[in-house]
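Computed over heavy atoms, backbone and side chain alike; hydrogens, waters and symmetry mates excluded.
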Amino acid sequence: MNNDLSSYFEDPEFKDLLAKYEGMAESHTPTYFDAEELTDIAEYYAGQGEEKKAEEAIDFALRLHPTNTDALVFKSRSLCIKGKLSEAYQIMNLIEDPSDREVKFLKADLLMEERRMEEAEAIHLELAQTENESTEVLLDIIMTYMDANQKEYAAKWIGKLRDKGLNETNSQKFRDLWCDFCMTFGYPEQATQAFQLSLDENPYSIPHWNGMAKCYFAQNEIEKAHEAVDFALAIDENNLEALEVKGFCYMQNENYEEALAIYQRLLPQAQVPSRIYALLVKCYLDMEKATEAKTTCLEWLKQCPKLTAFEKSEIYSYIALCCFNLYQAEEGMKYIDASLNLEPAFRGAILQKGMLHLQLSQNKEAEELFQKVLDISPDDEQSEIMYNVANCYFFLRMFPETLEWCKKIIEGYPDEQMEALHMAACCYYSMFDIESCLKYLTRVWELGNHSFDEEYLNDKRFKHMFDNIALLNKRNRTKEE
C-alpha cells in the first residue's frame with residue numbers, strides 16, 4: 001500500500017503523464033496507457049476530491065486491462081466507499097490472485113465496512129506474520145484502521161511499533177503517524193508535542209507548521225494557531241494549505257472580511273475549488289449575508305460542472321437555507337426537493353425542508369419532518385438537531401414552540417443546555433414574561449456564560465437586567481467569602 005503518493009504527484013514525470021491523459025480526454029483521441037499509470041491518475045483525482053474523474057480513469061484502465069489487480073482493487077474500494085458493498089465484492093471476486101497483498105487489505109476493508117472486525121483483524125494478523133511484522137506492514141495496517149475510524153485497533157497496532165523500539169523521539173515516520181492518530185481521534189495536545197519535536201529538528205517544515213496550527217485550532221488557542229501558520233507563510237507566503245488554515249483562524253475570530261479575502265485569493269488556484277466555495281458560503285452565512293451566500297452557491301454550480309451527486313445535493317441545501325433566511329420559502333422548496341431527489345437520506349436537507357414548511361405555515365408537515373430527522377439520527381446528534389429546530393422557531397418568532405424545544409434540551413441534555421438557556425431567556429423577554437426571563441438569565445450566569453445575541457444586548461432593558469444579575473451574584477459571592 002502506498003499511503004502517500006503526494007510527492008510522486010509533484011514529479012515532472014507524473015505531471016507529463018497527467019497532461020497526456022487529460023489531452024486524450026479533451027480531444028477524444030484513443031491513447032494507450034499502462035494499468036499502473038491509469039491507476040495512479042485515478043488515485044490523484046480521488047485525492048483531489050474529483051470522484052467522477054477518478055471513476056472515468058479507472059474505468060478506462062479496466063477497458064484496456066480488464067484483469068489488472070491494482071485497477072480492480074481501486075474499483076472495488078471505490079464502490080465500498082460509496083456504500084455499494086455487494087458490487088464491491090463482485091469486483092473483488094474477479095481478481096485472479098486472491099493471495100495478493102493488496103487484495104487481502106481490500107478484503108479486510110470490506111469486512112470492516114460490514115463491522116466484521118474479528119475477521120478483518122485475522123487478515124491483518126496474517127499479513128503481519130507473513131511480512132515478519134515489518135515497519136511497512138504495521139504502518140499500512142494502522143492507516144487502514146485509522147481510515148476506518150477504529151481507534152482501539154489502531155492504538156493496538158501502534159503499540160506493536162513501540163515494541164519494535166519506534167517512538168516520537170527517534171522516528172519521523174512514527175511521529176507523523178502519531179500526529180495523524182492524535183488529530184484523528186481528538187488528542188490535539190499530544191499531537192502538539194510531537195509536531196514540536198519535528199519542528200525542533202526542521203524549523204523550516206511548512207507541513208509541520210501547518211499541522212501545529214491545526215492542533216492549536218482544535219484546542220481553541222486561536223492566537224497560537226495564527227502564530228504557527230504565520231511561520232509557515234513566512235517560509236512560503238503562497239502556500240495554499242497555510243492560507244486556508246489562516247482563513248479558518250480569521251473565521252474563528254469572526255474576522256470575516258479577512259477570511260473572505262483569503263478564500264477569494266485561494267479560489268482561482270485551489271486544487272479542490274469546492275472546498276473553498278463551501279468556506280466562502282459559510283463565511284457569508286455567518287455574516288448573515290444570505291444574498292451573497294446564495295450567489296456564491298450558484299457560481300459554485302456553474303464553475304464546477306463535474307460535481308458528485310452528494311456535492312450537488314449539499315449545494316442545493318445551502319441555497320435552500322439562503323432562501324429560508326431571505327424569506328423565499330417557495331423558491332427554497334424547489335432547491336430542497338432537488339437536494340433530496342439526489343440524496344433522499346440527507347438528514348440536513350430533511351431538516352431544512354421542515355424549516356421551509358414552517359415558514360410556509362405548514363406546521364404539521366414541518367413537525368413530521370423534524371421528528372423524522374430525530375428518528376434517523378444517532379444519539380450523539382439529538383441535542384444539536386433539537387437546537388436547530390428551536391432556532392428555526394425562534395428565527396420565525398414562534399416563541400412558545402421555541403420554548404418547548406429548549407426545555408427538551410435542558411431536561412434531556414443538561415451538559416449541553418447553555419444555548420437553550422440563552423434562547424429561552426430571550427423568548428421570555430420577547431413575550432414580556434420578565435419573571436421567567438430573569439430565572440433563565442440567572443441560570444445562564446451561574447453556568448458562567450455571559451454573552452448574548454447583539455439584538456438583545458443592544459436592548460437597554462435586557463442588558464440592565466443582565467448587569468443587575470451579575471452585580472447581585474458578585475455581592476453574594478463576596479458575602480460567602
For the residue pair [X] and [Y], categorise the inter-ring angle as parallel (less than 30°), tilted (30 to 60°) or perpendicular (more than 60°).
X: H124; Y: W157; answer: perpendicular
X: H65; Y: Y32; answer: perpendicular
X: F60; Y: Y21; answer: tilted
X: F310; Y: F346; answer: tilted

So, [X] and [Y]: side-chain donor and acceptor under 3.5 Å apart, yes or no?
X: E419; Y: N391; answer: no
X: Q362; Y: H357; answer: yes
X: K224; Y: Q219; answer: no

Using the six-membered ring of Y250, assess whether NZ or CZ of K246 lies under 6.0 Å from its centre and within 45 degrees of the ring axis.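 Output yes; distance and angle both within limits.
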
Cation-pi between K282 and Y256: NZ/CZ under 6.0 Å from ring centre and within 45° of the ring axis?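 No cation-pi geometry.
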
Heavy-atom donor-acceptor pair, [X] side chain to [Y] backbone, under 3.5 Å:
X: S377; Y: V373; value: yes
X: Q382; Y: L374; value: yes
X: E311; Y: T308; value: yes

Hey, are [X] and [Y] close enough for a salt bridge, meaning a charged N less than 4.0 Å from a carboxylate O?
X: E121; Y: K156; result: yes
X: E244; Y: R265; result: no
X: E87; Y: K82; result: no
X: R347; Y: E381; result: yes
X: E37; Y: K20; result: no

Please round to the nearest 0.5 Å and tell me the distance separating atom [atom1] of [X] and atom [atom2] of [Y].
X: K75; Y: D59; atom1: NZ; atom2: CG; result: 3.5 Å
X: N68; Y: T39; atom1: CG; atom2: OG1; result: 5.5 Å
X: R115; Y: Q150; atom1: CZ; atom2: CD; result: 6.0 Å

Is the distance between the ring centroids of Y44 and F14 less than 6.0 Å?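 Yes; F14 has its ring centre under 6.0 Å from that of Y44.
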
Can you list the steps and then say if V103 with T69 is a side chain to side chain contact (heavy atoms under 4.5 Å, CB included)? CA-CA 8 Å; V103 179; T69 297; 3.8 Å; yes

Please assess E367 against K372 for the test salt bridge (Lys or Arg N to Asp or Glu O under 4.0 Å), listing each intermediate value before the final yes or no. CA-CA 9 Å; E367 290 162 8; K372 178 180 178 180; over 6 Å; no

Applying ring pair (Phe, Tyr, Trp, His ring centres under 6.0 Å) to Y327 and F395, what does each step give before you reach the verdict? CA-CA 11 Å; Y327 292 90; F395 178 82; 5.4 Å; yes

Could you tell me whether the side chain of N239 reaches within less than 4.5 Å of the side chain of I235, counting heavy atoms only?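 They are not in side-chain contact.
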
Run the salt bridge (Lys or Arg N to Asp or Glu O under 4.0 Å) check on E241 and K214 step by step: do they pass? CA-CA 11 Å; E241 184 182 9; K214 291 174 184 176; 2.5 Å; yes

Derivation of the side chain to side chain contact (heavy atoms under 4.5 Å, CB included) call for M146 and L177: CA-CA 10 Å; M146 285 172 58; L177 174 77; 4.1 Å; yes

